[in-house]
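Down below is the structure, laid out as structure tokens.
Residues take their numbers from the sequence shown, with the count starting at 1.
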Amino acid sequence: MKETVSIEYGTDNWLSKIGLLLILVAIVIFVITLYILGTGKNLPIDASIFHYGTIIPQHVYFFFPGSLVLGWIGSKVSDIKKWTETDFDLFENGIEFDWEGQVVKLKKEKILKITYKKLFLSKKLRVQIKTIGIKSYLLRMNRNDSEILFNAFKDSLFKETPFGLQKINVE
């Protein structure tokens, strides 16, 4: 049994590195803001009212939500990948596909888990295949094509939810 479907594999590009830099800047701004907010905690009551009422609102209250927004934007930018189309072959004992010019052959025993997530405003699923080693492959495929993969790897299938990974039982 051999089935071939068309997939796309995702690789990092320079935009994802900029997204990680934005996240790092947001964390630094957030920590500095928390430190500044904590400086008035040991002041006497009248000085702390003056500190939190007049000095802090001029600058700090804009940086706190700004760092959260910057971190969110950075996480979205770091998720931008370069997608390249290739063929995906499914055999009885494993899978085979092209990854950056090299043929990747994975046997069923080597696959630790397959996680998937529906992309926002897209008809494609984002599938991540993790092996027993340290390798991880990020793929994007149509829902119809993914059903073939999910039925072949029922034991290793997980769905990515806001609360973590959820084991899926395909019957």
### Task
Using the test side-chain hydrogen bond (donor to acceptor under 3.5 Å, both in side chains), find all partners of Glu85 that sit at least two apart in sequence or belong to another chain.
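Partners of Glu85 under the side-chain hydrogen bond (donor to acceptor under 3.5 Å, both in side chains) test: Ser6.
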
Are [Y] and [X] connected in a single hydrophobic cluster, I mean Ile/Leu/Val/Met/Phe/Trp/Tyr linked by side-chain heavy atoms less than 4.5 Å apart?
{"X": "Leu106", "Y": "Trp99", "answer": "yes"}
{"X": "Val5", "Y": "Val104", "answer": "yes"}
{"X": "Val31", "Y": "Val28", "answer": "no"}
{"X": "Trp14", "Y": "Ile80", "answer": "yes"}

Enter the distance from [X]:[atom1] to [Y]:[atom2] here, rounded to the nearest 0.5 Å.
{"X": "Asp98", "Y": "Ile7", "atom1": "CG", "atom2": "CD1", "answer": "9.0 Å"}
{"X": "Asp79", "Y": "Leu15", "atom1": "CG", "atom2": "CG", "answer": "11.5 Å"}
{"X": "Asn93", "Y": "Lys110", "atom1": "CG", "atom2": "NZ", "answer": "13.0 Å"}
{"X": "Thr84", "Y": "Tyr9", "atom1": "OG1", "atom2": "OH", "answer": "4.0 Å"}
{"X": "Ile129", "Y": "Lys135", "atom1": "CD1", "atom2": "NZ", "answer": "13.5 Å"}

### Any side-chain donor near an acceptor of the partner, Glu8 and Thr86, under 3.5 Å
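No - no donor-acceptor pair under 3.5 Å links their side chains.
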
### Query
Side chains of Thr4 and Asp89: do they bring a donor and an acceptor to under 3.5 Å?
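Note: Thr4 and Asp89 side chains meet the donor-acceptor criterion.
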
### Query
Within a radius of less than 6.0 Å around CD of Glu100, do more than 12 heavy atoms belonging to other residues, nucleotides or ligands occur?
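Result for CD/Glu100: enclosed.
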
### Task
Please name the pair of heavy atoms, one in Thr33 and one in Ile29, separated by the smallest distance, quoted to 0.1 Å.
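Nearest heavy atoms, Thr33 then Ile29: OG1-O, 2.7 Å.
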
### Query
What are the two closest heavy atoms between Ile132 and Glu109, and how far apart are they?
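So the minimum-distance heavy-atom pair works out to CD1-O, 2.9 Å.
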
### Query
Is there side-chain contact between Leu125 and Arg140, with heavy atoms separated by less than 4.5 Å?
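Side-chain contact under 4.5 Å: no.
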
### Message
Taking ring pair (Phe, Tyr, Trp, His ring centres under 6.0 Å) as the definition, give me every residue that meets it alongside Trp83, ordered by chain and number, with sequence neighbours left out.
### Response
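Partners of Trp83 by the ring pair (Phe, Tyr, Trp, His ring centres under 6.0 Å) criterion come out as none, since no residue qualifies.
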
### Query
Looking at residues at least two apart in the chain, or sitting in another chain, which of them share a ring pair (Phe, Tyr, Trp, His ring centres under 6.0 Å) with Phe97?
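Only Phe88, Tyr137 meet the ring pair (Phe, Tyr, Trp, His ring centres under 6.0 Å) criterion with Phe97.
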
### Task
Dump the intermediate steps for side chain to side chain contact (heavy atoms under 4.5 Å, CB included) on Ser78 and Ile23, then the final yes or no.
CA-CA 9 Å; Ser78 68; Ile23 291 172; 4.2 Å; yes

For residues 66-77, tabulate all N or O donor-acceptor pairs below 3.5 Å that involve a side-chain atom, not counting sequence neighbours.
from  : atom 1 : to    : atom 2 : distance (Å)
Ser67 : OG     : Phe63 : O      : 3.4
Ser67 : OG     : Phe64 : O      : 2.8
Ser75 : OG     : Trp72 : O      : 2.7

### Message
Using only atom types and a distance under 3.5 Å, with no angle test, would you say the side chain of Asn13 pairs donor to acceptor with the backbone of Ser16?
### Response
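Pair found, side chain donor or acceptor close to backbone of Ser16.
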
#### Entry: Contact list for residues 63-72, test salt bridge (Lys or Arg N to Asp or Glu O under 4.0 Å), sequence neighbours left out
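Qualifying pairs: none.
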
### Message
Quick test of your reading: applying salt bridge (Lys or Arg N to Asp or Glu O under 4.0 Å), list the pairs with at least one residue in residues 11-24, sequence neighbours left out, ordered by first then second residue.
### Response
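For residues 11-24: Asp12-Lys81.
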
### Task
Carefully, step by step, assess Gln128 and Lys130 under the rule side chain to side chain contact (heavy atoms under 4.5 Å, CB included).
CA-CA 6 Å; Gln128 186 171 19; Lys130 292 186 180 180; 3.8 Å; yes

